[in-house]
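Worksheet for the structure shown next.
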There are 2 protein chains.
Amino acid sequence: MSDSGEFVQSLERGLSIIRAFTRDRPQLTLSDAAAVTGLTRATARRFLMTLETLGYATTDGKNWRLTARVLDLGHSYLASLGLPEIVAAHLEGIAAAVHESASAAVLDGGDIVYVARVESRKIMRVQITVGTRFPASVTSMGRVLLADLDPAEAERILSSSERSIFTPHTKTSVSDLMAEVSRVRESGYSLVDQELEMGLRSVAVPVRDRSGRVVAAINVSTSAAGSPRETLENVLPALRVAQTAIDEELRSLVR
Amino acid sequence: MSDSGEFVQSLERGLSIIRAFTRDRPQLTLSDAAAVTGLTRATARRFLMTLETLGYATTDGKNWRLTARVLDLGHSYLASLGLPEIVAAHLEGIAAAVHESASAAVLDGGDIVYVARVESRKIMRVQITVGTRFPASVTSMGRVLLADLDPAEAERILSSSERSIFTPHTKTSVSDLMAEVSRVRESGYSLVDQELEMGLRSVAVPVRDRSGRVVAAINVSTSAAGSPRETLENVLPALRVAQTAIDEELRSLVR
DNA sequence: GCCAATTGTTCGTATAGCGAACATACGTTC
DNA sequence: GAACGTATGTTCGCTATACGAACAATTGGC
């Protein structure tokens, strides 16, 4: 890079090596790693050796894998967020009250990222863990988080999102989504019905810090049996109770 | 570093910046970051700016924070491990059967690192999430994981561990711990009673891949009410059921 | 044994990254 | 408003870090 005043290329490269490991590529040869990241073999090798030295990767002499130490990096984020500790008990309370899965997520770009999860029963096809991402536009928590943004900012995020079609119910029009976000802003909750996955319905509410800013959303996900109205009546009370309790804990934090 | 043939100092520095954010230091000024990592201010600034450019950190102009994107790094590990997806349903089954929290962990150095968790009721004082670490020597999952190692390797790990005293029951002598690990190897399970925290008891069993190698441990943690024998009778059957099912799934994996 | 593919190693070189020093900004105190 | 202490922003000459082409060595399949 022409101006090395503010960017460290080696850090970008190193992080790209870590990200090269996926569910479909749980282990990589040196040549794989070079190919996936676009680095030269010698460069990729140096980064893998460095990750090994630091304890983040291991090799059997041919195949490289990440180690659990990589979780420390994400743990730095979760620890610094402070939120998962606070919401965990409340999500359990919700799950116990309504017998459904409850989660918390934050907004990151055009995605929501799960930061806490209590699974009561499996509705979704994909496994959700801390770190899992979904598009904000088609999730109840995403719409709640977008609702707290300045409308121009929300529209910018929606416009620049990919807005894939997941089901025949998926809303993709920016104007439809903005109208929905406005409704969420008015009502204080979001209900999304089979837009991300057929058979899946979820309801979310925001949680706020002492400044009133929305720092996360919490939700309940349930099957799409029964009417949306019945679902709302079943789960919104428990979400509201948890929301109030979490808001109070966030307000009382010395930070 | 004198020989730049295999180590990338900039990657180490960048990762140390990420790790500088903790529960006690959720946000850092530039000078904080420099102080914590031992880097010069200009260097620390370059790394923070690079993390910001890549989406891993954000600043309000004075204080820096990590973003949820950092969770992607840990998620790379979890996705590549494959295990959390497999164990999740089984941990829920255990939790439902015995009405206690169930977890899975892997060994990393002298620690266990949680990779999946289903919380039924809160026994421990600290919040456990994916990425949380505890010393292997004083945990049921740790002893199960040590039991699968070559005894010389297990002894090396125990000898080089800090072996803190957490309760009056904590075993710290390497020979006592090695005897315990031998018992675990014979019996196929570990029960740890109030060695990590008073009032906490846990039982763990190993899960193996198709080569027979132990890839993780699963456990149930419960309160130390009643006798250890009663606890064992209550929870070991459910653990064994889950262990068998997980072993079968791991055997059938094409990897 | 041969060969292709892959990994390991070298080393001259370029530049990425460094950091001391200075400039600027900010908040507090008087 | 001025002065001061603290913190951050910026610069740029320097050099050590990191690079990568090229060659060496290893591995596995046939």
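Lettering follows sequence order; numbering is per chain, from 1.
In this structure, A:R45 atom CZ and D:dC19 atom P are separated by 13 Å, rounded to whole Å. Atom-to-atom, CD of A:E12 to P of D:dC19 comes out at 12 Å; the value is rounded to the nearest Å. The CZ atom of A:F47 sits 5 Å away from the P atom of D:dC19 (whole-angstrom rounding). Residue A:M49 contributes atom CE, which lies 18 Å from atom P of D:dG20 at whole-angstrom precision. Distance, B:D60 CG to D:dT8 P: 11 Å, rounded to whole Å. Look at CD on B:Q27: it is 15 Å from P on D:dA7, rounded to the nearest Å. In this structure, CZ of B:F7 is placed 19 Å from C1' of C:dG8, rounded to the nearest angstrom. Protein atom CZ of B:R46 is 13 Å distant from nucleotide atom P of D:dT10, rounded to whole Å.
The residue among A:L30 and A:L11 whose nearest nucleotide of DNA chain C lies closer to the 5′ end is A:L30. The residue among B:G61 and A:L39 whose nearest nucleotide of DNA chain D lies closer to the 5′ end is B:G61. For the pair A:S10 and A:D32, nearest-nucleotide mapping onto DNA chain C gives the more 5' position to A:D32.
With D:dA7, C:dG19, D:dA18 as the candidates, the nucleotide lying closest to the side chain of B:Q9 is D:dA18. Comparing C:dC22, C:dG8, C:dC18 against the side chain of B:R41 picks out C:dC22 as the nearest. Listed candidates were D:dC19, D:dG9, C:dC18. Nearest to the side chain of B:T43 is C:dC18.
The phosphate of C:dA5 has neither OP1 nor OP2 within less than 4.0 Å of any side-chain N or O from A:S31. Residue B:R13 places at least one side-chain N or O under 4.0 Å from the OP1 or OP2 atom of C:dC18.
Of the options A:I246, A:V241, A:D247, a side-chain contact (heavy atoms from CB on, under 4.5 Å) to A:Q243 is made by A:D247 and by none of the others. The one candidate from B:R208, B:R143, B:R213 that meets the salt bridge (Lys or Arg N to Asp or Glu O under 4.0 Å) condition with B:D148 is B:R208.
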| message | Working note: A:T58 + A:R65, criterion side chain to side chain donor-acceptor pair (under 3.5 Å); need CA distance, chi angles, decisive distance, verdict. | response | CA-CA 5 Å; A:T58 187; A:R65 285 183 168 271; over 6 Å; no
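Between the side chains of A:D209 and A:S211, at least one donor N or O lies within less than 3.5 Å of an accepting N or O.
B:E186 and B:R183 are not joined by a salt bridge, as no carboxylate oxygen comes within less than 4.0 angstrom of a charged side-chain nitrogen.
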